[in-house]
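Let me begin by presenting the structure, written as structure tokens, before commenting on it.
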Amino acid sequence: MQTLTPHVFWAQRHREIYLRVEISDAKNLDISVQENILHFRGQGHGAKGENEYEFSLEFLKPVKPEIKHKSTQRQVNITVRKQEHCWWDRLTMQEKKPLFLAPDFDRWLDESDAEMELKEKEEKINKVSIESRIPKDPYLGLKKGYLFMYNLVQFLGFSWIFVNMTVRLFILGQDSFYDTFHTIADVMYFSQMLAIIEVINPALRLVKTGVMPAFIQVMGRSFILFVILGSLEEMQNKPVVFFIFYLWSGIEIFRYPFYMLACIDTEWKALTWLRYTIWMPLYPLGVLAEAVAVIQSIPIFDETKFLSIRLPEALGSSLSFSYVLQLYLLLMFLGLFFNFRHLYKQRRRRFRTKKRKAN
């Protein structure tokens, strides 16, 4: 049987050399490294049909004598480890490349890409090592179940509000603006009281989000719902109530299902994009609607003296609650700035991570 040279394709990383020998159904393989020279001999079907094939390669720099090889029906894959972790300018000691040798473009990387790949592997190994040292939480399943049910209940509540208001808007038109509170308030009360859990969860470290952003949003909405709208009957028939409830629910029908699916390690790309994008127009509009409600309530508090603080006669009759509302308006827009910046950083971090993974 005639001895021939097979086609050999190569690629490298900082630690290893990869060789792909184009021989199918190889047998009687004899592969070794002696004095930094790789010797290959084997029988199989190559470029010249069924024959015995052999070749030798003297490497540019020292390699370890131990090699790994795997024979498949189509080829023989060989892995050789370098003595030093470095990048080679070429594979062989001789400057002129052997005729049977060619780059393996299926595995080929330039030096910078290989460095990035190596860094990612090391980061992954370090992450796994750190995670393996951290004791597993025996209550993780219970916590995820609790968070899943909370987000499911809130999703159902705000979905009911959003759908109900949308249907009434199409049927009644502008007339639906004036009785929104009496139709929706009970479910909104329930959902908003339940939302206090969103301040407790990060405080107990059940979720990774900060306490302050959740506190600002929950307390701000509660103030509008219970103090401005709930305590003043004159405010309950105003159209601004419709816009406040509609904007709140428009954000939450995307936020809660996103967190709900995260509890079961599931992600829908469209829902992720909506959760991190829809708030950008709706959140400022919601704060603007809340500010309109506060401004409309100021004359009512002044006239009714509701929640006013009685003062000694020497200082005057009472301190109107409207002064508190004016201060609240200032704090409201400071809170908008704080939360908008927080949410924007979340969005940028989320999609920057996704883009890096995609690349």
Side-chain angles (χ1 to χ4, degrees), residues 1-132 352-359:
M1 186 178 291
Q2 185 181 6
T3 301
L4 300 168
T5 303
H7 292 306
V8 181
F9 300 88
W10 79 283
Q12 68 168 317
R13 299 296 185 269
H14 285 81
R15 297 177 178 178
E16 295 171 324
I17 297 293
Y18 304 116
L19 299 174
R20 175 164 56 88
V21 185
E22 290 290 289
I23 298 178
S24 59
D25 299 320
K27 55 187 177 180
N28 301 329
L29 291 175
D30 182 13
I31 309 172
S32 63
V33 173
Q34 298 175 1
E35 298 180 354
N36 214 47
I37 300 176
L38 174 73
H39 300 280
F40 176 95
R41 182 188 294 270
Q43 294 179 355
H45 190 88
K48 299 294 183 179
E50 189 72 26
N51 276 295
E52 184 174 349
Y53 293 87
E54 67 174 309
F55 68 90
S56 296
L57 286 173
E58 183 178 3
F59 293 113
L60 177 65
K61 295 182 180 181
V63 298
K64 295 182 179 181
E66 303 84 10
I67 61 173
K68 295 180 181 180
H69 69 88
K70 182 179 181 180
S71 178
T72 68
Q73 292 182 345
R74 298 180 57 189
Q75 61 201 29
V76 179
N77 296 315
I78 304 171
T79 303
V80 183
R81 299 184 66 186
K82 299 176 180 179
Q83 288 281 10
E84 297 181 3
H85 298 171
C86 61
W87 195 256
W88 294 2
D89 295 331
R90 60 180 188 274
L91 178 63
T92 60
M93 180 65 72
Q94 64 187 76
E95 293 187 10
K96 186 176 180 181
K97 180 176 65 68
L99 295 176
F100 63 86
L101 187 64
D104 185 353
F105 291 109
D106 290 338
R107 305 194 69 167
W108 192 268
L109 291 177
D110 59 29
E111 185 175 3
S112 59
D113 291 336
E115 287 177 351
M116 185 176 296
E117 181 187 67
L118 179 62
K119 185 177 180 180
E120 289 176 353
K121 286 182 179 179
E122 290 176 346
E123 288 176 351
K124 186 175 181 181
I125 291 172
N126 291 335
K127 182 179 179 182
V128 171
S129 177
I130 293 172
E131 289 177 350
S132 65
R352 184 172 56 195
T353 303
K354 290 289 182 182
K355 186 176 181 180
R356 188 184 300 120
K357 288 181 179 180
N359 292 336

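The shown structure was predicted, so the numbers you read here are calculated from the model rather than taken from an experiment. Here, residue 1 is the first one in the sequence, and each next residue gets the next number.
Counting only heavy atoms from C-beta outward, the side chains of Asn77 and Tyr18 never approach each other to under 4.5 Å. Residues Ser24 and Gln73 have side chains not in contact (no heavy-atom distance under 4.5 Å, counting atoms from C-beta outward). Taking 4.5 Å as the limit, every side-chain heavy atom of Val63 sits out of range of all side-chain heavy atoms of Arg81. Using a 4.5 Å cut-off on side-chain heavy atoms (C-beta onward), Pro6 and Phe55 make contact. Put simply, the side chain of Gln83 reaches to within 4.5 Å of the side chain of Lys64, judged on heavy atoms.
Considering CZ of Phe40 and CD1 of Ile78, their distance stands at 5.5 Å, rounded to 0.5 Å. Between atom CZ of residue Arg20 and atom CZ of residue Arg74 there is a gap of 8.0 Å, rounded to the nearest 0.5 Å. Separation of atoms CD (Glu66) and OG1 (Thr79) is listed at 13.0 Å; rounding is to 0.5 Å. A distance of 12.0 Å separates CZ of Arg41 from CD1 of Ile31, quoted to the nearest 0.5 Å. In this structure, the separation between CD on Glu58 and CD on Glu35 is 9.5 Å, given to the nearest 0.5 Å. Note: Asn51 CG to Ile23 CD1 = 9.5 Å, rounded to the nearest 0.5 Å.
With 3.5 Å as the limit, one finds a donor-acceptor pair spanning the side chains of Ser56 and His39.
When all heavy atoms are compared, the tightest approach of Ser32 to Ile67 is N-CD1, 4.0 Å. Looking at every heavy atom in both residues, Trp10 comes nearest to Leu19 through CB-CD2, 3.5 Å. Taking each heavy atom of Pro103 and Phe9 in turn, the nearest pair found is O-CD2, 3.5 Å. Here the closest non-hydrogen pair linking Val76 and Ala26 is CG2-CB, 3.6 Å. The shortest heavy-atom contact between Val33 and Pro65 is CB-O, 4.0 Å.
With Lys82 as the partner, the side-chain hydrogen bond (donor to acceptor under 3.5 Å, both in side chains) test is satisfied by one option alone out of His14, Gln12, Glu16: Gln12.
For CG of Asp89, the number of neighbouring non-hydrogen atoms (other residues, nucleotides, ligands) closer than 6.0 Å is 12 at most.
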Which pairs of donor and acceptor atoms, one on a side chain in residues 90-100, lie under 3.5 Å apart (sequence neighbours left out)?
| unit_1 | atom_1 | unit_2 | atom_2 | d |
| --- | --- | --- | --- | --- |
| Arg90 | NE | Thr92 | O | 3.0 |
| Arg90 | NH2 | Met93 | O | 3.0 |
| Thr92 | OG1 | Gln94 | O | 2.9 |
| Gln94 | NE2 | Lys96 | O | 2.9 |
| Lys97 | NZ | Leu101 | O | 2.7 |

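For Arg15, the salt bridge (charged side-chain N to carboxylate O under 4.0 Å, His left out) partners two or more places apart in sequence, or in a different chain, are Glu122.
Put simply, the side chain of Tyr53 never gets that close to the backbone of His45: no donor and acceptor are under 3.5 Å apart.
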Step by step, work out the side chain to side chain contact (heavy atoms under 4.5 Å, CB included) result for Phe59 and Ile37. CA-CA 6 Å; Phe59 293 113; Ile37 300 176; over 6 Å; no
